[in-house]
Amino acid sequence: KPTLNMSQERPSIFMPRACPNILVFSKLQRIVRPKKEVSLTALPLQFFKRDTTRVARELLGKTLVRTYRGQRLSGIITEVEAYLGTGDRACHTFQGRRTSRTETLFNPGGCAYIYLIYGMHHCLNFVTQEREVPEAVLIRGIFPLDGIPTMKRLRKRENHSSLKGL
């Protein structure tokens, strides 16, 4: 599995395949676009190595940033779901299922778990807990901030409400 290593202040993100840089930042940006650039600090890796439901709650309101072809795409996380491992029927690792697709869920917290559903949508999850505890938080929706025209083009959508789930 390729690994995207960043500076020590930023989490290492393990990808099941090559993928652009994705980071979650701790400073909440106002929904109304600020007049000047807001300084963001990447969440430490330890943020994700905690109770999954707590991580899910605390991700709400954080800014998700992706660099795509040199352009910054960002949005405030507005909707998440916690998947609680082998006992959670909705989790890909329910009843101990472990496949090449779900192997990333067994990595330590802070890894990105990205998969394709319905052959058309990529879902972004952040693995939580310690190694071998297959739990994660799905990012279900964001409020777009930067790169909205590119988001629309990538999603093949014209209005903001259809950008839910980036």
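Computed from a predicted model, the values in this text were never measured in an experiment.
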Scanning both residues in full, the closest heavy-atom pair of Lys62 with Leu43 reads CE-CD2, 4.1 Å

Distance-minimising heavy-atom pair for Pro108 and Lys49: CB-CE, 3.9 Å

Look up atom OH in Tyr118 and atom SG in Cys123, then write down how far apart they are to the nearest 0.5 Å. 8.5 Å

Residue of the set Thr93, Thr128, Val55 for which side-chain contact (heavy atoms from CB on, under 4.5 Å) holds with Glu135: Thr128

Measuring only between side-chain heavy atoms, which start at C-beta, is Tyr83 closer than 4.5 Å to His92? no

Rounded at 0.5 Å granularity, tell me how far CD in Glu130 sits from CZ in Arg50. 12.0 Å

Report yes or no: do Leu45 and Val133 belong to one cluster of Ile/Leu/Val/Met/Phe/Trp/Tyr joined by side chain heavy-atom distances under 4.5 Å? no

Would you say the side chain of Arg131 lies within less than 4.5 Å of the side chain of Asn107, judging by non-hydrogen atoms? yes

One should read off an interatomic distance between Leu145 CG and Leu73 CG, to the nearest 0.5 angstrom, of 11.0 Å

Would a hydrophobic clustering, with Ile, Leu, Val, Met, Phe, Trp and Tyr connected at side-chain separations under 4.5 Å, put Phe47 with Leu124? yes

State, with a plain yes or no, whether a side-chain heavy atom of Phe126 is found less than 4.5 Å away from one of Leu64. yes

List the atom of Leu59, the atom of Ile77, and the distance in Å for their closest heavy-atom pair. O-CB, 3.5 Å

Between Met151 and Ser74 the two heavy atoms that sit nearest each other are CE-O, 3.1 Å

Cluster question for you: counting only ILVMFWY and a side-chain heavy-atom cut-off of under 4.5 Å, with indirect links fine, are Ile117 and Tyr113 together? yes

Answer yes or no: is there a side-chain heavy-atom contact under 4.5 Å between Leu105 and Asn125? no

Less than 4.5 Å apart, side chain to side chain, heavy atoms only: is that true for Val80 and Ile139? yes

NZ or CZ of Arg97 within 45° of Phe94 ring axis and under 6.0 Å: no

Contact summary for Thr86 and Pro134, nearest pair of heavy atoms: CG2-CG, 4.2 Å

Minimal non-hydrogen separation, Thr102 against Thr99, with atom names: OG1-N, 2.9 Å

Does any part of the side chain of Thr150, heavy atoms only, come nearer than 4.5 Å to the side chain of Tyr68, both counted from C-beta? yes

According to a hydrophobic-cluster definition based on side-chain heavy atoms being under 4.5 Å apart (Ile, Leu, Val, Met, Phe, Trp, Tyr only), do Ile142 and Phe48 belong together? yes

Side-chain heavy atoms nearer than 4.5 Å, only ILVMFWY residues, links allowed to pass through others: does that put Val127 and Tyr115 together? yes

Pairwise distance OG1(Thr52) to CZ(Arg54) - rounded to 0.5 angstrom: 12.0 Å

